2 protein chains.
Amino acid sequence: MDQKDRDIVRALQRNGRMTNQDLAEAVNLSPSPCLRRVRNLEASGVIQGYSADVDPVAYGLPITIFVRIRLERHNEPDVRKFEQRVRMIDEVLECHILTGAMDYQLRVLVPDLKAYEDFIRNRIHPIGGVASIDTSFVYSTVKRTSVFPPPN
Amino acid sequence: MDQKDRDIVRALQRNGRMTNQDLAEAVNLSPSPCLRRVRNLEASGVIQGYSADVDPVAYGLPITIFVRIRLERHNEPDVRKFEQRVRMIDEVLECHILTGAMDYQLRVLVPDLKAYEDFIRNRIHPIGGVASIDTSFVYSTVKRTSVFPPPN
DNA sequence: CTCCGATTGGCAGGATATGCCAAAATTGTA
DNA sequence: TACAATTTTGGCATATCCTGCCAATCGGAG
């Protein structure tokens with residue numbers, strides 16, 4: 001993981017479908033060693049995959065919601081059960097554990113408010129053991145990039 | 001934006017570098033119309049781009065932070081200035097406006113705590129007009145996907 | 001200066017993308 | 001229901017790109 005690897009990673013974050021030839025040129029390598037570095041980054045798990053960035057509104061999911069959830073009990077079985085169930089919910093694109101009060105923050109995508117009500121009532125509440133739910137709707141997005149900051 | 005387009009989108013969210021031939025097979029099309037649909041989705045802005053998914057720890061940015069910021073004044077110039085400055089900060093990968101109290105939520109990536117202190121002191125505070133900052137560190141990530149839920 | 005390992009560059013064969021045209025399917029209309 | 005206009009599809013040929021192999025180069029260590 002040297003400077004050249006970081007250059008490659010950032011170039012592929014900017015455009016994950018650029019040809020290996022263009023990538024090689026962008027990082028001042030010839031195609032062969034460039035491709036080998038990319039394959040190494042993939043095999044070692046630095047590059048976990050590639051994905052299309054899609055406009056959720058155009059796709060039909062105009063409502064993004066950040067949901068913060070706190071559990072009643074923080075014992076192993078309850079935590080495990082909650083996390084396992086959350087992973088299976090398609091509407092949940094992200095779920096992080098935040099330091100502090102054993103809080104979860106979920107990023108949820110739904111087509112309308114009715115779907116969000118369904119999500120809470122039929123997906124979250126049935127899991128059980130939820131102490132509180134705090135809902136924050138995304139009004140608009142000021143910035144969204146997948147390119148990591150350059151290392152200094 | 002019919003069902004086939006949605007299938008294409010979700011397949012490319014799962015693997016943004018799959019060949020057009022494989023994609024065509026996955027959505028039951030021949031390569032030609034499949035590629036044309038992809039190009040249309042790109043040209044119409046549904047597919048905004050492609051990016052490599054990179055492990056931030058392996059890259060050297062082990063600390064993810066959600067920062068919630070509230071401004072002192074919500075007038076046009078202050079808001080515009082804040083958003084413009086935030087967009088220029090490399091460490092900020094996301095910035096959303098949350099409904100309710102004109103709050104911002106930022107996703108920030110830094111190598112260590114010192115860098116976060118620098119970020120707050122030298123990037124956020126100099127903007128001015130910030131009333132409060134609430135910091136939540138990500139302890140671990142339970143789920144993270146870029147594939148949208150299927151439409152039902 | 002010399003040796004050794006790692007990295008690089010170039011080449012050839014195979015796979016993939018892409019533009020074009022005819023065929024098929026779909027939509028709207030009477 | 002039948003028909004016509006439009007859209008979408010499938011297949012082919014060419015051009016581009018990927019990828020595995022081998023020799024050449026680079027960078028340290030002794």
Side-chain angles (χ1 to χ4, degrees), chain A residues 1-61 111 145-152, chain B residues 1-61 111 145-152:
Chain A
M1 197 61 196
D2 56 6
Q3 184 57 43
K4 199 134 280 188
D5 280 341
R6 269 180 272 266
D7 290 346
I8 289 174
V9 161
R10 297 186 71 232
L12 287 175
Q13 284 179 324
R14 231 173 270 114
N15 178 8
R17 286 205 78 145
M18 70 194 302
T19 67
N20 183 58
Q21 297 186 4
D22 290 347
L23 176 62
E25 190 176 358
V27 300
N28 292 315
L29 274 177
S30 67
S32 268
C34 184
L35 182 64
R36 186 187 326 230
R37 277 173 178 269
V38 172
R39 293 289 176 262
N40 282 343
L41 290 167
E42 290 168 353
S44 65
V46 177
I47 294 178
Q48 299 172 324
Y50 302 86
S51 57
D53 306 322
V54 180
D55 177 5
V57 177
Y59 179 87
L61 297 168
T145 181
S146 45
V147 182
F148 286 174
N152 284 323
Chain B
M1 196 63 196
D2 56 6
Q3 183 57 43
K4 200 135 280 186
D5 280 341
R6 269 180 274 266
D7 289 345
I8 289 174
V9 161
R10 296 184 72 231
L12 287 176
Q13 284 179 325
R14 228 173 273 113
N15 178 8
R17 286 205 79 146
M18 69 193 303
T19 67
N20 183 57
Q21 298 186 3
D22 290 347
L23 177 61
E25 190 176 358
V27 300
N28 291 316
L29 275 177
S30 67
S32 266
C34 185
L35 181 65
R36 187 190 320 240
R37 277 173 177 269
V38 171
R39 294 289 176 261
N40 281 343
L41 290 166
E42 290 167 354
S44 66
V46 177
I47 294 178
Q48 300 173 323
Y50 302 86
S51 57
D53 306 323
V54 179
D55 177 6
V57 177
Y59 179 86
L61 297 168
T145 181
S146 44
V147 183
F148 286 174
N152 280 323

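By convention in this document, chain letters (A, B, ...) are assigned in the order of the sequence lines, proteins followed by strands, and residues within each chain are numbered from 1. Just so it is clear, the structure is predicted and the values come from calculations on it, not from any experiment.
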S.K.: Could you tell me the separation between the CZ atom of A:Arg6 and the CE atom of A:Met1, rounded to the nearest 0.5 Å?
M.R.: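 Those atoms lie 5.0 Å apart.
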S.K.: Would you mind reading off the distance between B:Glu25 atom CD and C:dA15 atom C1', rounded to a whole angstrom?
M.R.: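 B:Glu25 atom CD is separated from C:dA15 atom C1' by 15 Å.
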S.K.: Which pairs, protein N/O on one side and nucleotides 22-27 of chain C N/O on the other, fall under 3.5 Å?
M.R.:
none

S.K.: From B:Ile8 CD1 over to B:Asn20 CG, what is the distance, rounded to the nearest 0.5 angstrom?
M.R.: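 So the CD1 of B:Ile8 and the CG of B:Asn20 are separated by 8.5 Å.
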S.K.: Charged N to carboxylate O below 4.0 Å: is that the case for B:Asp7 and B:Arg37?
M.R.: no
S.K.: Once you round it to whole Å, what is the distance between C1' of D:dC18 and CZ of A:Arg17?
M.R.: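 That distance rounds to 13 Å.
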S.K.: The side chain of B:Arg39 lies closest to which of these nucleotides: C:dT18, D:dT19, D:dC17?
M.R.: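 Closest nucleotide to the B:Arg39 side chain: C:dT18.
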S.K.: Rounding to a whole Å, what distance do you find between B:Leu23:CG and C:dT18:C1'?
M.R.: 15 Å
S.K.: Can you name the nearest heavy-atom pair linking A:Ala11 to A:Met18, along with the distance?
M.R.: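 Residues A:Ala11 and A:Met18, closest heavy atoms: O-SD, 3.8 Å.
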S.K.: I'd like a list of close polar pairs between nucleotides 13-15 of chain D and the protein, N/O only, cut-off under 3.5 Å.
M.R.:
none

S.K.: Quick one: does B:Leu12's side chain get under 4.5 Å of A:Arg17's, heavy atoms only?
M.R.: yes
S.K.: In whole Å, I'd like the distance from the CG atom of A:Asn20 to the P atom of D:dC18.
M.R.: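 Checked: the CG to P distance equals 5 Å.
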S.K.: State, to 0.1 Å, how close A:Pro56 and B:Phe148 come at their nearest heavy-atom pair, and which atoms those are.
M.R.: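 So the two residues come closest at CA-CE1, 3.6 Å.
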S.K.: In whole angstrom, give the distance that lies between atom CG of A:Leu35 and atom P of D:dT19.
M.R.: 5 Å
S.K.: Whether the side chain of A:Asp53 engages the backbone of B:Gln48 through a donor-acceptor N/O pair (distance < 3.5 Å, no angle test) should be reported.
M.R.: no
S.K.: Can you name the closest pair of heavy atoms from B:Pro150 and B:Arg10 and give their distance?
M.R.: CD-NH2, 3.5 Å
S.K.: Is there a side-chain contact between A:Gln3 and A:Pro151 in this structure, where contact means two heavy atoms from C-beta onward sitting under 4.5 Å apart?
M.R.: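 Yes, at least one pair of side-chain atoms sits under 4.5 Å.
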S.K.: For nucleotides 6-9 of chain C, give me every protein contact, N/O to N/O, under 3.5 Å, one pair per line with atom names.
M.R.:
unit_1 : atom_1 : unit_2  : atom_2 : d
C:dT8  : OP1    : A:Arg37 : NE     : 3.4
C:dT8  : OP1    : A:Arg37 : NH2    : 3.1
C:dG9  : OP2    : A:Ser30 : N      : 2.8
C:dG9  : OP2    : A:Ser30 : OG     : 2.9
C:dG9  : O5'    : A:Ser30 : OG     : 3.2

S.K.: Taking the side chain as everything from C-beta on, heavy atoms only, tell me whether A:Gln21 gets closer than 4.5 Å to A:Glu25.
M.R.: no
S.K.: Would you check if A:Val46 and A:Asp5 make a side-chain contact, meaning some heavy-atom pair closer than 4.5 Å?
M.R.: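 Counting from C-beta outward, A:Val46 and A:Asp5 never come under 4.5 Å.
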S.K.: Find the distance A:Met18:CE to D:dC17:P and express it as a whole number of Å.
M.R.: 12 Å
S.K.: Between C:dA15 atom C1' and A:Gln21 atom CD, what is the distance in whole Å?
M.R.: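 Between C1' of C:dA15 and CD of A:Gln21: 14 Å.
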